[in-house]
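Side-chain atoms are counted along with the backbone in the values below, which use heavy atoms only and exclude waters and symmetry mates. In each ligand, atom 1 is the first atom listed, and ligand 1 is the first ligand listed.
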Amino acid sequence: MRIVLSGAPGSGKGTEAELLSKKINIPHISTGDILRRAIAEKTKLGIKAKSFVEGGGLVPDGVMIALVEERLKEEDCQDGFILDGFPRTLTQAKALEKSLAFLKVSLDFVLHLEASEEILVERLEGRRVCKKCHALFHIKNMPPVQEGVCDRCQGELYQRSDDKEEVVKDRLKIYRANVEELLIFYQGNNLLRRVDSGQGVQKTLVEIEEIILK
Ligand code: AMP
């Protein structure tokens with residue numbers, strides 16, 4: 001199954017993608033995670049992407065398209081994938097369509113997660129991430145057993161620099177500037193399914209499963 005999870009920052013794409021990936025056993029590809037890892041490792045990609053990611057802007061389309069094209073050619077993606085955070089622009093969506101056509105496959109669903117602005121901001125500002133295993137927590141909704149420590153691997157939890165209040169506002173603005181044309185594109189392809197992700201992690205997952213496994 002080939003799925004795109006779209007939605008605003010904070011809509012729950014990463015959390016749902018991770019759970020779904022385990023359930024249906026296909027890889028979860030988060031472009032944000034790939035970029036953050038590249039930045040931490042100071043690779044060529046990381047050096048290129050750092051200022052965009054940390055400032056809440058979008059990494060140029062060319063860089064992102066090349067990155068995803070390479071990733072989708074890997075062995076583990078041959079039976080499917082869940083793309084989280086890509087495409088974010090119409091140019092990326094069209095490029096993805098082209099690369100999949102070249103590989104003689106196509107998307108099955110674009111699941112668009114929707115939540116109110118209030119929920120998005122609350123989720124982003126309270127989000128904490130494990131430095132070691134990248135597990136996600138939330139200071140109120142999903143707190144770790146011990147404050148600041150990952151339940152899974154005991155790694156240190158941190159707040160992403162782009163989850164701070166000033167940057168969150170810019171990220172949401174950029175999201176809003178791009179989302180309409182993306183939705184129109186995927187509605188036109190009849191791939192788009194809207195999911196209410198304001199209802200909590202488990203209920204959202206159930207709704208997603210109902211859509212894709214029906
Ligand atoms: P995310 O973890 O999906 O919220 O992504 C974090 C940041 O990585 C974004 O704010 C962008 O700076 C960058 N990024 C991730 N995916 C993309 C993409 N498809 N296009 C451009 N920039 C991206």
Side-chain angles (χ1 to χ4, degrees), residues 2-18 20-21 27-41 43-72 81-100 107 110-115 117 119-131 133-138 157-179 181-183 185-186 197:
R2 295 174 180 85
I3 298 173
V4 163
L5 269 184
S6 84
S11 60
K13 300 186 297 292
T15 305
E16 298 297 338
E18 195 58 32
L20 190 62
S21 160
H28 165 204
I29 301 171
S30 157
T31 46
D33 281 350
I34 295 174
L35 293 171
R36 279 184 290 278
R37 210 170 306 129
I39 292 169
E41 288 167 4
T43 64
K44 238 165 137 184
L45 169 69
I47 292 163
K48 247 191 242 171
K50 186 175 163 69
S51 62
F52 298 104
V53 174
E54 290 179 354
L58 290 186
V59 175
D61 283 335
V63 175
M64 295 310 299
I65 291 165
L67 183 161
V68 171
E69 273 179 355
E70 280 312 301
R71 181 66 186 88
L72 294 186
F81 51 77
I82 304 167
L83 269 176
D84 154 18
F86 184 97
R88 264 177 155 96
T89 64
L90 185 59
T91 307
Q92 293 179 10
K94 288 183 174 166
L96 175 64
E97 203 181 36
K98 245 192 189 166
S99 359
L100 293 178
L107 290 176
V110 174
L111 303 170
H112 183 67
L113 305 189
E114 298 178 307
E117 175 102 9
I119 292 181
L120 297 177
V121 171
E122 200 245 338
R123 279 188 187 158
L124 289 168
E125 290 178 12
R127 174 160 65 187
R128 297 294 181 271
V129 187
C130 175
K131 269 190 181 163
C133 75
H134 312 291
L136 298 173
F137 295 87
H138 188 280
L157 302 185
Y158 77 106
Q159 182 180 35
R160 282 169 43 176
S161 60
D162 60 343
D163 279 347
K164 300 200 166 126
E165 195 182 343
E166 357 28 293
V167 188
V168 160
K169 292 209 175 90
D170 286 343
R171 288 168 69 201
L172 290 172
K173 217 187 274 169
I174 292 171
Y175 163 75
R176 276 190 234 101
N178 286 293
V179 68
E181 54 184 15
L182 261 185
L183 295 183
F185 179 73
Y186 283 125
S197 72

Pocket residues of ligand 1, ordered first by chain and then by residue number (heavy-atom cut-off under 4.0 Å): Thr31, Gly32, Leu35, Arg36, Phe52, Val53, Gly57, Leu58, Val59, Met64, Gly85, Phe86, Arg88, Gln92, Arg160, Asp162, Arg171

Set of side-chain contact (heavy atoms from CB on, under 4.5 Å) partners for Leu100, sequence neighbours left out: Leu72, Phe81, Leu96, Val105, Leu107

Phe185 side chain near Glu97 side chain, heavy-atom distance below 4.5 Å: yes

Test side-chain contact (heavy atoms from CB on, under 4.5 Å) applied to Glu166 - qualifying residues, sequence neighbours left out: Lys164

For Asp170, side-chain contact (heavy atoms from CB on, under 4.5 Å) partners two or more places apart: Lys173

Partner of Phe52 by side-chain contact (heavy atoms from CB on, under 4.5 Å), out of Leu35, Leu58, Val63, Val59: Val59

From Thr89, Leu90, Thr91, residue fulfilling side-chain contact (heavy atoms from CB on, under 4.5 Å) relative to Glu181: Leu90

